[in-house]
Number of protein chains: 4
Amino acid sequence: MKAEDNGRPRSRRLPREVRERQILDAAVEVFAARGFHNASMDEISEVAGVSKPMLYAYLGAKDELFIACVRRESTLLIETIGGAAESDLPPVEQLWRALRVFFEYVQRNRAGWTVLHRQTNSQGEPNVAELVEWRERAMVLIAELLARATDGSAQPMQPQQTEPFAAALAGAGEALADWWVDNPEHTADGLAMRLMNMVWMGFGDLVEGRTWTPAE
Amino acid sequence: MKAEDNGRPRSRRLPREVRERQILDAAVEVFAARGFHNASMDEISEVAGVSKPMLYAYLGAKDELFIACVRRESTLLIETIGGAAESDLPPVEQLWRALRVFFEYVQRNRAGWTVLHRQTNSQGEPNVAELVEWRERAMVLIAELLARATDGSAQPMQPQQTEPFAAALAGAGEALADWWVDNPEHTADGLAMRLMNMVWMGFGDLVEGRTWTPAE
Amino acid sequence: MKAEDNGRPRSRRLPREVRERQILDAAVEVFAARGFHNASMDEISEVAGVSKPMLYAYLGAKDELFIACVRRESTLLIETIGGAAESDLPPVEQLWRALRVFFEYVQRNRAGWTVLHRQTNSQGEPNVAELVEWRERAMVLIAELLARATDGSAQPMQPQQTEPFAAALAGAGEALADWWVDNPEHTADGLAMRLMNMVWMGFGDLVEGRTWTPAE
Amino acid sequence: MKAEDNGRPRSRRLPREVRERQILDAAVEVFAARGFHNASMDEISEVAGVSKPMLYAYLGAKDELFIACVRRESTLLIETIGGAAESDLPPVEQLWRALRVFFEYVQRNRAGWTVLHRQTNSQGEPNVAELVEWRERAMVLIAELLARATDGSAQPMQPQQTEPFAAALAGAGEALADWWVDNPEHTADGLAMRLMNMVWMGFGDLVEGRTWTPAE
DNA sequence: GATGAATGAGCATTCATTCAT
DNA sequence: GATGAATGAATGCTCATTCAT
């Protein structure tokens, strides 16, 4: 209970902004480690070095706190990726950069990513409307990217048609990010490259008319 | 409380076996809808048309009940897929069949799949050791399948090298299954085919030496 | 669950009397081992080799079953002691015989005694009115015995005056019976004798006017 | 739910120490009145004028709360008696003082004594290791006291030999304390004196060689 | 601004007890 | 006569949340 129990000095009377950050950091950490339900406000406040009433004063109820976490992390991720994939580059290049910074982001911010990722496939956690929304927007962007990449090919596609590919791509990316945890010897670049090679090339084949069909 | 509140007649005095099934069905349904923590034993018993003590008598505590659900569903899935992919077929064919029955399974048993899928990426739920184990074994199988498919190609690979691809493939499949919920107009076959075309073809390119590399 | 799990054959269709005895034996055993509250009807029925509905049919609810146990054991004890201490013997002799058969009874029927003894000092267990009553009657008898023993002494006493001595004597007896459990090398006779020597002699001194008084 | 429902003002925001005492007092009262199993945490919290979570926060689960009660009461009793029987007094005197303060303690703290006493002969309640230990130590002390008292007599004894007498003496004391409840007209001094007269004198006779033996 | 102290409300679990066969 | 199957009702415990200082 003494000041420095968790390495963070429990200094008093900090400006609101800083306190809020401290709390969010702690919350992300705990939510990532325990999951939404098993994370207790007690533990969060302890890790944050702040009393519970402060938690509530600054970031509201548990749901709201969780949403704030998700929001912060998703914003960060969006901006990171958005910054990398400038829209005047060719589609391939955009995709490549997006994947690369995605893996870099995950590497740099494992806890944040865990919270984001888990929130995505979970009925039990509070619904972060924006996140769902954003996720869909991201899908649409990827789908459009893929669609635009088919322009001038033998088999041009509408974004609507590329949607399932976008979903699959995103899923593959997330799965790789998960797999990475247990195989840390790989680099962000290496993983992004593998993904490009598998998905992008396959997709390219498809639009060029080289398709696979079952034997019968 | 009337007999048919949930469409299932609340018949009394059934043999143990039947009751157990009823309960598991209800539990899977509720766990899928609410997630482990938000599912209350009360609701499960209500949906099952059985009093709580029966729940405990037949399937034990909440954790155990959940594990029983996961175990039943995973066994079902494993057997379904295992039955489809006979090992004397060529790798491609095996993969194709596995994917197809996977999507069919998901379609037929959405709730069960939800429970399985969520359990996979979740810290908060009870750990089903076997499931983790099984998931790993499945990965290995896929990785081996992919490796075997590279035999005689320009770029033969060891299972160890195909592992990330296996992970990506599985992730893509799961993501597609999820995406399907909101886009039910697609068929199991259609999704399996898309996945094959994207992943398999890309992987084929790779082993044939047609790779993608960044511009710089 | 097979027939002979506890050494008692689970024979069917026994005369009521026998069944009842079986059940009481089991109940006493379990109540003694676990105490009233921790004894579960399930365990009793199992030990008795009888299904629960039979338990209820024969001996009623848990309270009633417990009371039946206490009643049987107390009756047995009373008769045993009563038979030993014929009232035409001199008081000393009566007391001596009573104590001796008491210890013998305890030795022969440890479980029954445990149930009786515990019931005596316990708020939580169902009140067996008769037992309380009987206990009081026993006290009165002892008190009268002691009183009668003072006839013709220097300090004759009324039963009312000897009551506390009776209580103390009974308590000493029970405590010795308890202590016996951990010191089984002693014999019933030995313990009875010790008690006589301590209590009877002291009491004798008292009525003869040889009293102890504090120094100040 | 108004403030004074049980005569104790439900004052809010007391220092931890005070609340803990309040709770222990209530718990002892309820445990004494109902026995361990029939005492519900609800009732204890109500009597204590505190919500259940406080119970748990301050004193832990039901077992632990019970143990805390036993521990507090036994410590008090031990200290009380220990303080009275200074070891440089002659054995008789020590015994006399111990008995006297014992009865005084029981009179002053009936509920506490009930809890202690019941815990002693009960299978169902949580085992308070220390208490068992202490009880044994107390026995040993009494046995030694008795043994020391035989020094220089016709029949000197080893503590081991006086043990059963110690057990009997303790039992007699406890029984008298119980009997007192229904016969409150007696005083602590009176009871202690009676006990001394009965037990001490009888014991004295014994060591002097004046023994009782059965007729036959 | 900051917190120790406090609680309402919900949930898992377990019995004693009784039908329906 | 005998029982497997079933439940109402209680109880221990915990957690998000908020006063009073």
Side-chain angles (χ1 to χ4, degrees), chain A residues 1 10-16 19 37-45 49-58 60-65, chain B residues 1 10-16 18-20 37-45 49-58 60-65, chain C residues 1 10-16 19 37-45 49-58 60-65, chain D residues 1 10-16 18-20 37-45 49-58 60-65:
Chain A
M1 294 304 151
R10 184 171 184 140
S11 33
R12 317 194 156 224
R13 307 227 164 236
L14 294 179
R16 175 172 191 115
R19 268 280 138 90
H37 276 98
N38 289 320
S40 82
M41 294 299 267
D42 269 301
E43 181 174 3
I44 295 176
S45 80
V50 164
S51 75
K52 266 196 295 179
M54 284 290 94
L55 230 66
Y56 283 86
Y58 278 131
K62 195 184 185 185
D63 287 25
E64 299 173 274
L65 173 57
Chain B
M1 293 303 154
R10 182 171 186 138
S11 32
R12 318 201 151 224
R13 306 196 66 70
L14 296 179
R16 181 182 186 110
V18 178
R19 268 283 134 92
E20 228 163 59
H37 277 99
N38 288 321
S40 83
M41 294 300 264
D42 268 299
E43 182 174 1
I44 294 176
S45 80
V50 164
S51 72
K52 264 191 298 176
M54 284 287 92
L55 246 62
Y56 285 87
Y58 282 155
K62 196 183 184 186
D63 287 25
E64 297 172 277
L65 174 56
Chain C
M1 294 304 156
R10 185 178 185 132
S11 34
R12 316 192 157 226
R13 307 226 163 236
L14 293 180
R16 178 175 188 109
R19 267 280 138 91
H37 276 99
N38 289 320
S40 84
M41 292 300 265
D42 269 301
E43 182 173 3
I44 293 175
S45 79
V50 164
S51 74
K52 265 192 299 175
M54 283 293 91
L55 230 68
Y56 284 86
Y58 278 130
K62 196 184 185 185
D63 287 25
E64 300 172 272
L65 174 56
Chain D
M1 290 306 153
R10 184 171 185 138
S11 33
R12 319 202 149 223
R13 308 195 66 66
L14 297 179
R16 180 179 188 112
V18 177
R19 269 282 133 93
E20 229 163 58
H37 277 99
N38 288 319
S40 83
M41 293 301 265
D42 269 300
E43 182 174 1
I44 295 177
S45 79
V50 164
S51 72
K52 262 193 299 177
M54 283 287 93
L55 247 61
Y56 285 88
Y58 283 154
K62 197 183 181 185
D63 288 25
E64 298 172 279
L65 174 55

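What's counted below: heavy atoms across the whole structure, side chains too, no hydrogens, waters or symmetry copies. Residue numbers begin at 1 in each chain, while the letters A, B, ... track the order of the sequences. These numbers come from a predicted model, not from an experiment.
At a threshold of 4.0 angstrom between heavy atoms, the contacts of C/A61 are confined to the sugar-phosphate backbone, with no base atom among them. Across all strands shown, D/M41 has heavy atoms under 4.0 Å from sugar-phosphate atoms exclusively, and none from any base.
Considering OG of A/S51 and OH of A/Y56, their distance stands at 11.5 Å, rounded to 0.5 Å. Interatomic distance, D/R19 CZ to D/L55 CG, rounded to the nearest 0.5 Å: 11.0 Å. Separating the CG atom in C/N38 from the CD atom in C/E43 is a distance of 10.0 Å, to the nearest 0.5 Å.
In this model, the phosphate group of E/dA6 is approached by a side-chain N or O of D/R19 to a distance below 4.0 Å at OP1 or OP2. Between B/Y56 and E/dT13 there is a side-chain polar atom (N or O) within less than 4.0 angstrom of OP1 or OP2. For A/Y58, a side-chain nitrogen or oxygen approaches OP1 or OP2 of E/dA2 to under 4.0 Å. Side-chain nitrogen and oxygen atoms of D/R16 include none within less than 4.0 Å of the OP1 or OP2 phosphate oxygen of E/dG4.
Distance A/K62 NZ to F/dT14 P: 15 Å, rounded to the nearest Å. Atom CG in C/D63 sits roughly 10 Å away from atom P in E/dA16 (whole-Å rounding). Look at CD on C/E43: it is 11 Å from P on E/dC15, rounded to the nearest Å. Atom pair C/L55:CG and F/dG4:P shows a separation of 13 Å (rounding to whole Å applied). For the pair D/D42 CG and F/dC13 P, the interatomic distance rounds to 12 Å; values are reported in whole Å. Atoms CG (D/N38) and P (F/dT11) sit 9 Å apart, rounded to a whole Å.
Evaluation of atom-type donor-acceptor distances gives a pair under 3.5 Å for the side chain of A/K52 against the base of F/dT17.
Side-chain contact check for A/K62 versus A/I44: every heavy-atom pair is 4.5 Å or farther apart.
Remark on DNA chain F: of its neighbouring residues B/A57 and A/S40, the 5'-side contact belongs to B/A57, judged by nearest-heavy-atom nucleotide. Nearest-nucleotide positions on DNA chain F place B/M54 closer to the 5' end than the other of B/M54 and A/G60. For the pair C/A39 and B/H37, both in contact range of DNA chain E, the more 5′-proximal nearest nucleotide belongs to B/H37.
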Query raised in the report: Can you list the steps and then say if A/L65 with A/M41 is a side chain to side chain contact (heavy atoms under 4.5 Å, CB included)?
Result: CA-CA 10 Å; A/L65 173 57; A/M41 294 299 267; 4.2 Å; yes
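Here the shortest heavy-atom pairing between D/R16 and D/A57 reads NH2-O, 3.8 Å.
Nearest to the side-chain atoms of A/S51 among the listed nucleotides F/dA6, E/dT18, E/dT3 stands E/dT3.
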Annotated structure of DNA chain F as dot-bracket, pair cut-off 3.5 Å, Watson-Crick or G-U only, | for inter-strand, is .||||||||||||||||||||
